[in-house]
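Written below as structure tokens is the structure these notes are about.
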Amino acid sequence: MESHGLIKVTENTPDSKYRRVAKFLTIIGVDQASKVIGLLPQDMVDRIIPEIATIRDVEPAERDSIMAEFRTLLEASRQNGGVQTAKDILQKAYGAQKAEELLEKAVPFKDGKPFAFLESEDPEKIYLTLKDESDYIRSLVISYLPSQTAATVIKKMPEAEKKETMLRLAKLSAVDPDTLKRIDAAIAEKIKTIKMEKTDSLDGRNALAEILKHMSPQNETAMLEKLAESDPELSATLRERLFTLDDIIRCQGRFLQEHLRGMDDRDIALLIIGKPDGFRMKIFQNVSTGRGDMILEEEQLMQPVRKSDSDAATEKFMSTMKAAWERGDIIIPGRDEEEYVL
């Protein structure tokens, strides 16, 4: 089989590759065909247009064959994207040297983003690579890791190192692109030696919260208590972020339903005011239809409400739900390491 991007011809296809594409364009219709033609090189267009002009009809069987062929090409293109694909395209369009220059400017990191090469590495190897680095470098690299990997790396650190890394992580902000590129290259080279048997803006607190979510409740609590000793405000902020409305939306088990049964309609109405649709839907899924109507009516009657009242109701509810999760009364897929049968 010979492949030329869009121009793909099977060995048994009697049509020329350009006629095959011409038939494809007639099948997808004028509007879509004009968009495709606008993306093709002019020399290719010059060959395809005459073919389109000579097509009178396409038999149903051939139509199905052509669409299946191009559907396969589409799936292949989705699977084979990335930096290498971009490089191949640029080389064909501009030549090898110019392609390297353009790619370097557009994608300064070899794998498309900073430290992407670490995503396939063992956390132990990542830890060994970072353990002799400064607290700043360690926290910067960890902020780019997948949350589960970052949590595992942090667990391997000595207690003092954990605390300092987490403090640094929470306070990360903008990083100069050239500096980031140099650190990326240095870590890439360093990890090879480990033997085992635009400005990037970071929300360090969000990154740290996501990492802590993948730790056990006991480890999470211990980390927050250590942080509270040196930065009470940071510890309090993280506590708020660590159990979120999204956790309620994803939670499973009967506790939510039972807890709502014991709440007043007014308290539930106060809780849902101003909340995202997903959270509201989760609440209404766990009360009866009749009660849901009464809660909606109560919500309409009580508006507007003071933000402080809404925040207090939310804090009380979230505190109860978080305690239930820590006891194991509710399950949150993606946060609970054990598997359950419901």
Side-chain angles (χ1 to χ4, degrees), residues 147-148 151 170 201 203-221 223-225 227-228 232-342:
S147 298
Q148 184 68 58
S201 297
D203 185 342
R205 295 190 175 196
N206 270 343
L208 180 54
E210 287 300 315
I211 290 169
L212 289 175
K213 280 184 181 181
H214 287 83
M215 293 183 173
S216 67
Q218 293 78 11
N219 286 335
E220 175 189 297
T221 300
M223 290 298 99
L224 289 172
E225 288 176 352
L227 287 175
E233 185 273 334
L234 172 59
S235 179
T237 300
L238 287 172
R239 285 180 187 277
E240 294 175 2
R241 298 190 185 197
L242 283 173
F243 197 81
T244 67
L245 298 182
D246 286 338
D247 291 319
I248 301 299
I249 293 170
R250 293 186 292 120
C251 79
Q252 299 175 2
R254 298 178 180 175
F255 182 85
L256 175 59
Q257 190 175 96
E258 294 170 355
H259 181 62
L260 291 172
R261 190 178 295 125
M263 292 178 64
D264 292 337
D265 290 352
R266 187 180 186 283
D267 290 336
I268 298 177
L270 188 60
L271 172 67
I272 65 172
I273 286 178
K275 297 297 190 299
D277 291 342
F279 178 83
R280 292 171 62 89
M281 183 180 299
K282 183 71 173 185
I283 298 300
F284 286 118
Q285 286 173 343
N286 285 275
V287 299
S288 67
T289 302
R291 192 180 184 202
D293 292 339
M294 289 189 289
I295 291 170
L296 286 173
E297 184 177 348
E298 183 71 39
E299 181 187 20
Q300 292 296 321
L301 291 173
M302 70 192 315
Q303 292 190 56
V305 300
R306 290 181 297 184
K307 185 177 184 302
S308 58
D309 292 339
S310 175
D311 289 347
T314 301
E315 183 179 348
K316 180 179 179 181
F317 175 81
M318 295 299 286
S319 177
T320 299
M321 295 300 294
K322 186 174 188 293
W325 171 60
E326 291 174 345
R327 291 194 307 269
D329 292 337
I330 61 174
I331 300 165
I332 303 175
R335 293 195 64 171
D336 295 302
E337 294 183 0
E338 295 185 55
E339 294 184 0
Y340 294 82
V341 178
L342 299 178

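We number each residue from 1, following the sequence as shown. All figures in this text were calculated on a predicted structure; none of them were measured in a lab.
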How close do [X] and [Y] get, counting heavy atoms only, and between which atoms?
X	Y	value
Phe255	Ala324	CE2-CB, 3.5 Å
Leu270	Asp309	CD2-O, 3.7 Å
Phe279	Ile249	N-CD1, 3.5 Å

Exercise for the section: For the pair Asp264 and Arg266, find out whether any cationic side-chain nitrogen is under 4.0 Å from an anionic carboxylate oxygen. Expected result: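 No.
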
Within this structure, what is the [atom1]-[atom2] distance for the pair [X] and [Y], rounded to the nearest 0.5 Å?
X	Y	atom1	atom2	value
Asp265	Glu298	CG	CD	7.0 Å
Lys322	Met318	NZ	CE	10.0 Å
Arg291	Leu260	CZ	CG	7.0 Å
Asn286	Arg254	CG	CZ	12.0 Å
Gln257	Ile330	CD	CD1	13.5 Å
Ser310	Ile272	OG	CD1	10.0 Å

Do other residues, nucleotides or ligands put more than 12 heavy atoms under 6.0 Å from [X] [atom1]?
X	atom1	answer
Met281	CE	no
Asp277	CG	no
Arg327	CZ	yes

Handout entry: Full working for side chain to side chain contact (heavy atoms under 4.5 Å, CB included) between Met302 and Ile273
Key = CA-CA 10 Å; Met302 70 192 315; Ile273 286 178; 3.8 Å; yes

Handout entry: side chain to side chain contact (heavy atoms under 4.5 Å, CB included) between Lys316 and Asp267, worked out
Key = CA-CA 10 Å; Lys316 180 179 179 181; Asp267 290 336; 5.8 Å; no

Problem - Main-chain N/O of Ile332 paired with Arg250 side-chain donor or acceptor, under 3.5 Å - result: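 Flag not set: sc Arg250 to bb Ile332 has no pair under 3.5 Å.
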
Handout entry: Side-chain (Lys282) to main-chain (Cys251) donor-acceptor, under 3.5 angstrom
Key =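 Yes.
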
Problem - Test side-chain contact (heavy atoms from CB on, under 4.5 Å) applied to Leu296 and Gln300, Glu299, Met294, the passing residue - result: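 One option only clears the test, and that one is Glu299.
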
Practice task
Measure the shortest side-chain to side-chain distance between Lys275 and Ile283 over non-hydrogen atoms and say whether it is less than 4.5 angstrom.
Solution key: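 The answer is no, as the side chains (C-beta and beyond) never meet within the 4.5 Å cut-off.
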
Handout entry: Plane angle bin for Phe317 and His259 - parallel if under 30°, tilted between 30 and 60°, otherwise perpendicular
Key =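 Rings of His259 and Phe317: tilted, as their planes differ by 30° to 60°.
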
